[in-house]
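For reference, the structure discussed in these notes is given below.
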Amino acid sequence: MTSRSSPAPGRSPGAALWSWALYDWANSGFAALVQTFVFAAYFTRAVAENETLGTAQWGNMMGVAGLVIGLGGPVLGAVADRTGRRKPWLGLFTGLCIAATACLWFVTPSPSSVVPALILAGVGTIGSEYAMIFYNAMLPALARPSAIGRWSGWGWGLGYAGGLVLLVLALYGFVEQGAWFGVPREQAMNVRAVMVLTAGWYLVFCLPLFLFSPDGRGTGAPLGKALREGVAQLRDSLRRVREYRDVAIFLLARLVYNDGLTTMFAFGGIYAAGTFGMGPGEVIVFGIGLNVTAGLGAASFAWLDDWLGPRRTILFALIGLIVPGALILMVESKTLFWIFGLALGIFVGPVQASSRSYLARVAPAEVRGEMFGLFALSGKLTSFMGPLLVGWLTLASGSQRVGMASIIGLFVLGFAGMLFVPRVVTQGKE
């Protein structure tokens, strides 16, 4: 088997790493504008028959997509370990997400568009999450071990900054009255055009990674053989789970708290619109503020990760999610919702970035793709439960507050699980 390729002449490690981090900038638009602040809210308020039914339908779709991601991710990661290269897989699923996002333009504000809307959003979600398996697995080969936490955090910070810029473009360029680009508002064309913008953004800013970040060298293994060996590798790893005990405990804890994050992203815009009566423009402004605090949190905590270690960073950040998250469910004032919501955003990025850096530090190099596939599995195997819980509890109680309370419970359980996760030695810490 040939060794991993190094950066080509003229391409500094810094250029390779910044090109890698810029992919977070590109990808974040899908999460911010499709899954959370624009399309999700548009679907429940304008496409579905009513907001309660739309919330349940969106939750069911996210649950099904999460199940597909969870079951397929480890296999794809193991196959990539056998073929040696990440970029072809990353390109395939990036393209799938971009195409599905662009096609959301055709979703008109009518119940007849419910099925195509859910299918396209689900396919886009699958493409985006599968792409992140191979993207995340590239980091340990690009960054020094002592700098993995920083680069993981800076990547997340760039992602939130990208989401922020894109939300501003969406709000003032398309959604607000007198928007810059003057897209007609009939049939929600101005909102639907944001989906085309999001697809184009993803396409343009993902290119530096493919051009300047080195990939591992291919092993020459045919796809069929790689698939068979990848499945066998995954099966063998699961049988020898005691050898990867540290990874297994961490992935179980992450399975729970990441389910809470996924559900919060899926329903954040919906909750703001339904419970506090925010219109599309106000939801986007809230999203802009949330991206500012989340980006600042991810970038700032990146140094803390390398200093104190990822485990302590995750525990601290989970407390920062639980306290303001619980307060959000109790307040009636829109002003207090803004205050606690923006405070919560500070801790979103550190949880995600430090989760990535923890696994990057402990995953054996020879099964790194598989481990990041299991990382996706831990984020998606039960991810259908959170959205389904929110949807079902909302339907049963007639209250979005009751449904959203399940998210706080997932954060609490995840925190408890992280207490059993072994510490990682980082520059003498932990």
Side-chain angles (χ1 to χ4, degrees), residues 31 35-37 40-41 51-52 55-56 58-59 62 160 253-278 282-283 286-287 289-294 296-298 300-301 311-355 379 382-383 385-421:
Q35 293 181 316
T36 307
F37 295 113
E51 290 182 17
T52 300
T55 299
W58 189 261
M62 292 295 291
Y160 285 115
R254 180 181 179 269
L255 180 148
V256 180
Y257 70 71
N258 195 74
D259 197 3
L261 284 174
T262 302
T263 309
M264 185 177 70
F265 296 148
F267 290 93
I270 294 171
Y271 182 69
T275 300
F276 292 92
M278 292 187 181
E282 197 172 5
V283 169
F286 177 71
L290 198 58
N291 272 263
V292 170
T293 58
L296 291 173
S300 301
F301 277 68
R311 175 181 173 273
R312 290 178 180 174
T313 304
I314 293 169
L315 287 169
F316 182 71
L318 283 172
I319 294 173
L321 291 172
I322 292 167
V323 175
L327 292 172
I328 284 173
L329 298 179
M330 294 186 283
V331 300
E332 300 287 344
S333 164
K334 188 184 292 187
T335 300
L336 290 176
F337 170 79
W338 272 84
I339 292 172
F340 295 133
L342 295 180
L344 180 147
I346 296 172
F347 301 97
V348 170
V351 169
Q352 297 168 313
S354 293
S355 296
T382 61
S383 66
M385 287 302 298
L388 289 179
L389 276 173
V390 172
W392 292 342
L393 288 174
T394 300
L395 277 177
S397 66
S399 168
Q400 288 184 326
R401 293 179 189 272
V402 174
M404 295 291 283
S406 60
I407 296 174
I408 307 303
L410 292 170
F411 289 152
V412 171
L413 289 174
F415 179 89
M418 281 300 299
L419 295 175
F420 296 94
V421 171

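One-based numbering along the sequence shown. Values in this document were obtained by computation on a predicted structure and should not be read as measured data.
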Next item on the list: Could you pull out the closest heavy-atom pair between Phe340 and Pro324, with the gap in Å?
Entry: O-CB, 3.6 Å
Margin query: Please find the pair of heavy atoms, one from Gly341 and one from Phe286, that lie closest to each other, and give the distance.
Written below: CA-CZ, 4.1 Å
Checklist line | Minimal non-hydrogen separation, Tyr257 against Phe411, with atom names | finding: O-CE2, 3.6 Å
Check: Excluding sequence neighbours, so at least two apart, what forms side-chain contact (heavy atoms from CB on, under 4.5 Å) with Ile339?
Finding: Thr335, Leu336
Note to self: Between Met404 and Ile328, is there a side-chain heavy-atom distance shorter than 4.5 Å?
What the structure shows: no
Next item on the list: Decide yes or no for Ser355 and Asn258: does some side-chain heavy atom of the first lie under 4.5 Å from some side-chain heavy atom of the second?
Entry: no
Note to self: Just verifying a value: how many Å separate Leu344 CG and Thr293 OG1, rounded to the nearest 0.5 Å?
What the structure shows: 8.0 Å
Checklist line | Nearest heavy-atom neighbours spanning Gly297 and Pro350 | finding: O-CG, 3.5 Å
Checklist line | Nearest atoms (heavy-atom pairs only) where Ser406 meets Leu393 | finding: CB-CD1, 4.2 Å
Item checked: Check: Ile314 main-chain N/O paired with Ser354 side-chain donor or acceptor under 3.5 Å -> no
Margin query: For the CD1 atom of Ile322 and the CG atom of Leu327, what is their distance to the nearest 0.5 Å?
Written below: 12.0 Å
Check: In Å, rounded to the nearest 0.5 Å, how long is the span from CD of Glu51 to CH2 of Trp58?
Finding: 14.0 Å
Checklist line | Student check: side-chain heavy atoms of Glu282 and Trp338 closer than 4.5 Å | finding: yes
Notebook entry, point to check: What pair of heavy atoms forms the shortest contact from Gly260 to Ile407, and how long is it?
Noted result: O-CG2, 3.5 Å
Item checked: Rounded distance (nearest 0.5 Å) linking atom CG of Leu255 with atom CG of Leu413 -> 11.0 Å
Next item on the list: Decide yes or no for Leu315 and Leu419: does some side-chain heavy atom of the first lie under 4.5 Å from some side-chain heavy atom of the second?
Entry: yes
